[in-house]
Amino acid sequence: MLGKIWKNYGQLPSSVEYTKEDVLQHPVPEHVAIIMDGNGRWAKKRALPRVAGHYEGMQVVRKITRFANELGIKVLTLYAFSTENWKRPKQEVEYLMKLPEQFLATFLPELIEENVNVRVIGNRSQLPEHTRRAVEKAIEETKHNTGLVLNFALNYGSRAEITYAMQEMAKQVQQGDLSPEQINEEVVSSYLMTKDLKDPDLLIRTSGEIRLSNFMLWQLAYTEFWFTDVLWPDFTEQHLLQAIAEFQKRGRRFGGV
Ligand SMILES: CCc1cc(N2CCCCCC2)n2ncc(-c3ccc(F)cc3)c2n1
């Protein structure tokens, strides 16, 4: 029974609907992070190839980005490809690596129109040239935008990020530009790929999986989690409203009483 409660945690009876006005009565989370899971399962349920789920998932990225911007959310971080995803079948990885350029070719003009600022965290050097070029063009063309920060985690792994930060700090100490006594949580955060962003206030994970999957392990220390069985391709504005409404009901204590 407990497992059932956990697995449906955050998935309210369909009778409970929220409106945008309901949610705008209270402060919305400034930074929302989403692990967009369930794309392959969505396709399998429909006897479609897995890549059909990824394609459908990409349409939801556009819809939720637009709605997050409307709600006044400041940062939306989307876990698009993890360092572990390279283990997937070659054809699937090749398809996934084409999605950024496909998404941007279709939606970059709209994102620019809506003042969205596209950023990427992850190791871009290991991406195919065509993927990297598309992403860097979007970063460049939106770098002055002051609206929603749309932050894609692409070839991202939190342990790799933290390990790289430690190596960089060790180099600074070795060069005499940093002393061990100076290293505190603020300095560590400044060596991470998210150094210019506040930590996520709300983490959403779809498809019923209840784990972090090597995502923003340092940054999520005080983040509220909202899990839902909904598969990412089926995720709607109403689900985002439900997650935010639940977030607004919780009293965050950041470790205090
Ligand atoms: C590289 C893997 C990947 C997968 C993917 N999926 C598939 C898996 C998750 C569901 C969403 C659709 N999307 N959707 C948008 C992007 C994207 C990334 C960077 C960027 F600058 C613009 C768009 C994306 N990237």
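Each ligand, and each atom within it, is numbered from 1 in the order the structure gives.
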Show which atoms of ligand 1 fall inside a sub-4.0 Å distance from at least one heavy-atom site of [X].
{"X": "Val61", "result": "11 (C)"}
{"X": "Phe103", "result": "22 (C), 23 (C)"}
{"X": "Gly57", "result": "11 (C), 12 (C)"}
{"X": "Leu96", "result": "1 (C), 2 (C), 7 (C)"}
{"X": "Val135", "result": "21 (F)"}
{"X": "Asn39", "result": "9 (C), 10 (C)"}
{"X": "Leu99", "result": "4 (C), 5 (C), 6 (N), 7 (C)"}
{"X": "Leu154", "result": "1 (C), 2 (C), 19 (C)"}

Next on the checklist: Give me the nearest non-hydrogen protein atom to atom 20 (C) of ligand 1 as residue plus atom name, then the distance to 0.1 Å.
Outcome noted: Phe152 CD1, 3.5 Å
Checklist entry - Considering only protein heavy atoms, which is closest to atom 24 (C) of ligand 1, and at what distance to one decimal place? => result Ala80 CB, 4.0 Å
Salt bridge or not for [X] and [Y], using N-O below 4.0 Å?
{"X": "Arg124", "Y": "Glu136", "value": "yes"}
{"X": "Glu101", "Y": "Arg133", "value": "no"}
{"X": "Arg159", "Y": "Glu84", "value": "no"}
{"X": "Arg132", "Y": "Glu129", "value": "yes"}
{"X": "Arg250", "Y": "Glu246", "value": "yes"}

Checklist entry - Run the side chain to side chain contact (heavy atoms under 4.5 Å, CB included) check on Leu150 and Arg119 step by step: do they pass? => result CA-CA 6 Å; Leu150 178 56; Arg119 301 196 195 171; over 6 Å; no
Checklist outcome for this item: The side-chain contact (heavy atoms from CB on, under 4.5 Å) partner of Val230 among His239, Gln238, Gln242 is His239
